Asks: 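This is the structure I have questions about; it appears just below.
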Amino acid sequence: MGVTSGRGALGLFGGTFDPIHWGHLLMAENAREALGLTQLQFVPACVPPHKQQSRVTAAEHRVAMLEVAIADNPGFGLCRWEIARVTPSYTVETLRHMQAEGWGPIYLLIGGDSLAQLASWREPETIRQLATLVVVDRPGAEPAAGVRVLESPLVAISSTDIRQRVQAGETIRYRVPEAVRAYIVTHGLYHGKTKG
Ligand code: ATP
């Protein structure tokens with residue numbers, strides 16, 4: 001479990017964020033409050049190991065959308081550690097980096113779907129030593145061994161849904177922050193041509 005350290009309690013919320021949406025933000029704010037975090041950092045992945053077959057929007061755009069989405073929340077931060085790397089990023093390396101930066105305890109927020117794949121991640125036991133795993137689930141969900149379950153009002157929004165809606169010319173208002181919607185429009189993202 002996470003070690004107490006100088007900078008304070010840190011929550012790490014990794015994902016592709018292509019794009020970030022209200023479901024992510026609500027879950028993150030809920031976790032920040034419930035876990036008493038000094039800061040919750042979004043960790044956009046550079047080349048997500050499980051998504052290498054699909055096309056992911058350029059890091060520059062995903063980071064810019066994260067920045068405008070979290071700008072008004074002093075409890076939120078952005079971790080560029082994974083996005084700045086050229087090689088695939090592994091969670092265990094990110095945790096070591098954040099610990100070396102003086103954060104602790106560290107909480108790793110993961111979706112219930114990702115938890116099932118934890119055994120296949122690099123150094124799963126070290127991950128459990130460096131961080132407390134927090135799974136966000138619907139109220140009443142069964143807790144898994146050694147994992148903290150955080151109840152959260154889940155909103156059925158996904159980035160896939162946002163991308164498909166833009167492609168189809170459908171509204172994404174109230175599914176993403178207005179500043180994110182404006183960014184998508186300005187840069188012509190998700191129309192099937194402005195990728196990479
Ligand atoms: P995609 O549809 O492209 O797979 P996504 O919406 O699932 O994207 P990711 O960036 O892949 O977004 O997700 C990052 C993390 O956010 C994952 O742990 C995922 O479980 C979680 N997450 C995704 N959507 C929601 C939501 N609506 N509410 C809470 N957590 C979510």
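As the structure lists them, so they are numbered: ligands from 1, and atoms in each ligand from 1. Reckoned from all heavy atoms, side chains included, excluding hydrogens, waters and symmetry mates. Since the structure is predicted, the reported quantities are computational estimates derived from the model, not experimental observations.
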Asks: If I apply the N/O under 3.5 Å rule, does His24 come out as touching ligand 1?
Replies: yes
Asks: Please work out, at 4.0 Å between heavy atoms, whether the side chain, the backbone, both, or neither of Val155 comes within that distance of ligand 1.
Replies: backbone
Asks: Under a heavy-atom criterion of less than 4.0 Å, does Ser152 contact ligand 1?
Replies: no
Asks: Tyr107 and Ala9: which non-hydrogen atoms are nearest, and at how many Å?
Replies: CE1-CB, 4.4 Å
Asks: Listed by chain and number, what are the side-chain contact (heavy atoms from CB on, under 4.5 Å) partners of Arg80, not counting sequence neighbours?
Replies: Val63, Glu67, Leu78, Ile83
Asks: Please tell me if the side chains of Val134 and Ile110 come closer than 4.5 Å, counting only heavy atoms from C-beta onward.
Replies: no
Asks: Show the atoms of ligand 1 that are less than 4.0 angstrom away from any heavy atom in Arg163.
Replies: 3 (O)
Asks: Could you list the atoms of ligand 1 found under 4.0 angstrom from a heavy atom of Ser158?
Replies: 2 (O), 6 (O)
Asks: Applying ring-ring contact (aromatic ring centres under 6.0 Å, His included) as the test, list every pair that has at least one member in residues 162-184; sequence neighbours left out.
Replies: His61-Tyr183, Tyr183-His187
Asks: Has Glu178 got more than 12 heavy atoms of other residues, nucleotides or ligands less than 6.0 Å from its CD?
Replies: yes
Asks: Heavy-atom contacts with Phe17 under 4.0 Å: which atoms of ligand 1 show up? List them by number with element.
Replies: 10 (O)
Asks: Can you spot which of Gln129, Arg96, Arg128 makes a side chain to side chain donor-acceptor pair (under 3.5 Å) with Glu123?
Replies: Arg96
Asks: Relative to the heavy atoms of Gly14, which atoms of ligand 1 are at a distance of less than 4.0 Å?
Replies: 14 (C), 15 (C)
Asks: Under a 4.5 Å side-chain heavy-atom rule over Ile, Leu, Val, Met, Phe, Trp and Tyr, are Phe76 and Trp81 clustered together?
Replies: no
Asks: Evaluating non-hydrogen atoms only, which member of Arg175, Met27, His21 is closest to atom 30 (N) of ligand 1?
Replies: Met27
Asks: Say whether Phe13 and ligand 1 are in contact under the criterion: heavy-atom distance to a ligand atom below 4.0 Å.
Replies: yes
Asks: Run down the list Pro153, Ser159, Gly15 and name the one with the heavy atom closest to atom 8 (O) of ligand 1.
Replies: Ser159
Asks: Contact between Ile157 and ligand 1, counting heavy atoms under 4.0 Å?
Replies: yes
Asks: Quick check with a 6.0 Å cut-off and a 45 degree axis cone: is Arg122 positioned over the face of Tyr90's six-membered ring?
Replies: yes
